[in-house]
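For reference, the structure discussed in these notes is given below.
It should be emphasised that the depicted structure is a prediction, and the values quoted were computed from it without experimental measurement.
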Amino acid sequence: MADIFDEVSEELKQDQLIKTWKKYSKLILSSIVFIIICLISYQIYLNWENKKKETISKEYFQALKELENKNFSDSKRLFSENIKKHENGYRMLSLFGLAESNFKNGNIKEMILNYKLIYEDDSIDIYYRNLSRILCVLKDNQSSYDQQKMILNPILTSPSTFQPLAAELEVILLIKFNKLEEAKNSLKTLLQRSDLSIEQINR
């Protein structure tokens, strides 16, 4: 008797399953197809992103190679193209590269403008913005003392890892522009800093 009830119960379950499948089969199949399409699309996107990154990387390192080989016109062209095409970290790196190309080629005014684009861009990490200020002043042999000091001021007036270096650079600027008394006072102040490295003290 129990076997009969079991068979009837099993048949009812099968009937219920068939009815449910007929009712929801289109929805289930549509969901499966949608998930598959999403997975395929995501994989295609990842492949595209990887290829894009590889291309950007190749372009950047090609520009660096041209700079290394002293082909300044080619390196400038490649760095400039990267800056126009990309909005990620390679844009910033290309700006540094373009500034170096202009410096090596004696285009100091253009170099200053390249560094300015970095240190005035709030979307760039403050570390790289401060680094661009330091490099700009170090390589600038044309601007006045006031112009160069103005570039250094944001580092000198706010704590950062570059502040001791900026203070040292300020002393060098004072000597360079024959402000010797101010240079002596700045040097005394600099030597009293607790965050000076042994290398800086020795210099």
**Study point:** Salt bridge Glu66-Lys76, side-chain N to carboxylate O under 4.0 Å
**Key:** no
Practice item. Could you pull out the closest heavy-atom pair between Ile151 and Arg133, with the gap in Å? Key: O-NH1, 2.8 Å
**Study point:** With sequence neighbours excluded, residues passing side chain to side chain contact (heavy atoms under 4.5 Å, CB included) with Ile134
**Key:** Leu138, Leu152, Ile155, Phe162, Leu165, Ala166, Leu169
Practice item. Dump the intermediate steps for side chain to side chain contact (heavy atoms under 4.5 Å, CB included) on Leu131 and Phe96, then the final yes or no. Key: CA-CA 10 Å; Leu131 176 60; Phe96 274 109; 4.2 Å; yes
**Study point:** Glu120, CD: over 12 other non-hydrogen atoms inside 6.0 angstrom
**Key:** yes
Check your understanding: Atom OH of Tyr145 and atom CG of Leu173: how far apart are they, to the nearest 0.5 Å?
Key -> 6.5 Å
**Study point:** Short side-chain donor-acceptor distance under 3.5 Å, Asp146 and Ser144
**Key:** no
Practice item. Compute both the distance and the angle, then confirm whether Arg129 meets the cation-pi test with Tyr119: under 6.0 Å from the six-membered ring centre, within 45 degrees of the axis. Key: no
Exercise for review: Kindly work out whether a path of hydrophobic side-chain contacts (I/L/V/M/F/W/Y, heavy atoms less than 4.5 Å apart) joins Val137 to Tyr127.
Suggested key: yes
Review point. In terms of heavy-atom contacts, does OH of Tyr128 have more than 12 from other residues, nucleotides or ligands at under 6.0 Å?
Key: no
Study note, to complete from the structure: Sequence neighbours excluded, the answer for side chain to side chain contact (heavy atoms under 4.5 Å, CB included) partners of Leu113 is none
Check your understanding: So, are Asp121 and Arg91 salt-bridged, with charged N and O less than 4.0 Å apart?
Key -> yes
Review point. Quick check: does any side chain N or O of Gln163 sit under 3.5 Å from a backbone N or O of Ser158, one acting as donor and the other as acceptor?
Key: yes
Exercise for review: Would you check if Asn69 and Lys65 make a side-chain contact, meaning some heavy-atom pair closer than 4.5 Å?
Suggested key: yes
Review point. Is the side chain of Asn102 donor-acceptor paired with the backbone N or O of Leu98 at a distance under 3.5 Å, no angle test?
Key: yes
Practice item. State whether the side chain of Asp140 and the backbone N or O of Cys136 hold a donor-acceptor pair below 3.5 Å, judged by distance alone. Key: no
Exercise for review: Report the residue from Lys149, Lys179, Lys176 that forms a salt bridge (Lys or Arg N to Asp or Glu O under 4.0 Å) with Glu170.
Suggested key: Lys149
**Study point:** Distance (rounded to the nearest 0.5 Å) between Leu95 CG and Ser132 OG
**Key:** 9.5 Å
**Study point:** side chain to side chain contact (heavy atoms under 4.5 Å, CB included) between Leu135 and Phe103, intermediate numbers included
**Key:** CA-CA 11 Å; Leu135 291 172; Phe103 171 69; over 6 Å; no
Check your understanding: For the atom pair OG1 (Thr161) and CD1 (Ile126), what is the distance rounded to the nearest 0.5 Å?
Key -> 9.5 Å
**Study point:** Least distance between heavy atoms, Ile83 atom then Ser94 atom
**Key:** CG1-CB, 3.7 Å
Point to revise | Interatomic distance, Ile112 atom CD1 to Gln147 atom CD [nearest 0.5 angstrom] | key: 7.5 Å
**Study point:** Flag if over 12 foreign heavy atoms under 6.0 Å of NZ, Lys116
**Key:** no
**Study point:** Exercise: do Lys139 and Tyr115 side chains pair donor with acceptor under 3.5 Å
**Key:** yes
Review point. Side chains of Asn114 and Phe79: does their closest heavy-atom pair fall under 4.5 Å?
Key: no
Review point. Going by heavy atoms in the side chains, are Glu81 and Glu59 under 4.5 Å from each other?
Key: no
**Study point:** Value rounded to 0.5 Å, distance of CG in Asn105 from CG in Leu67
**Key:** 10.0 Å
Check your understanding: Nearest 0.5 Å, what's the CD-OG distance between Glu68 and Ser75?
Key -> 11.0 Å
**Study point:** Backbone of Leu174 reached by a side-chain donor or acceptor of Glu182 within 3.5 Å
**Key:** no
Practice item. Kindly determine whether Tyr90 and Asn82 satisfy side chain to side chain contact (heavy atoms under 4.5 Å, CB included), including the steps that lead there. Key: CA-CA 7 Å; Tyr90 278 105; Asn82 279 349; 5.9 Å; no
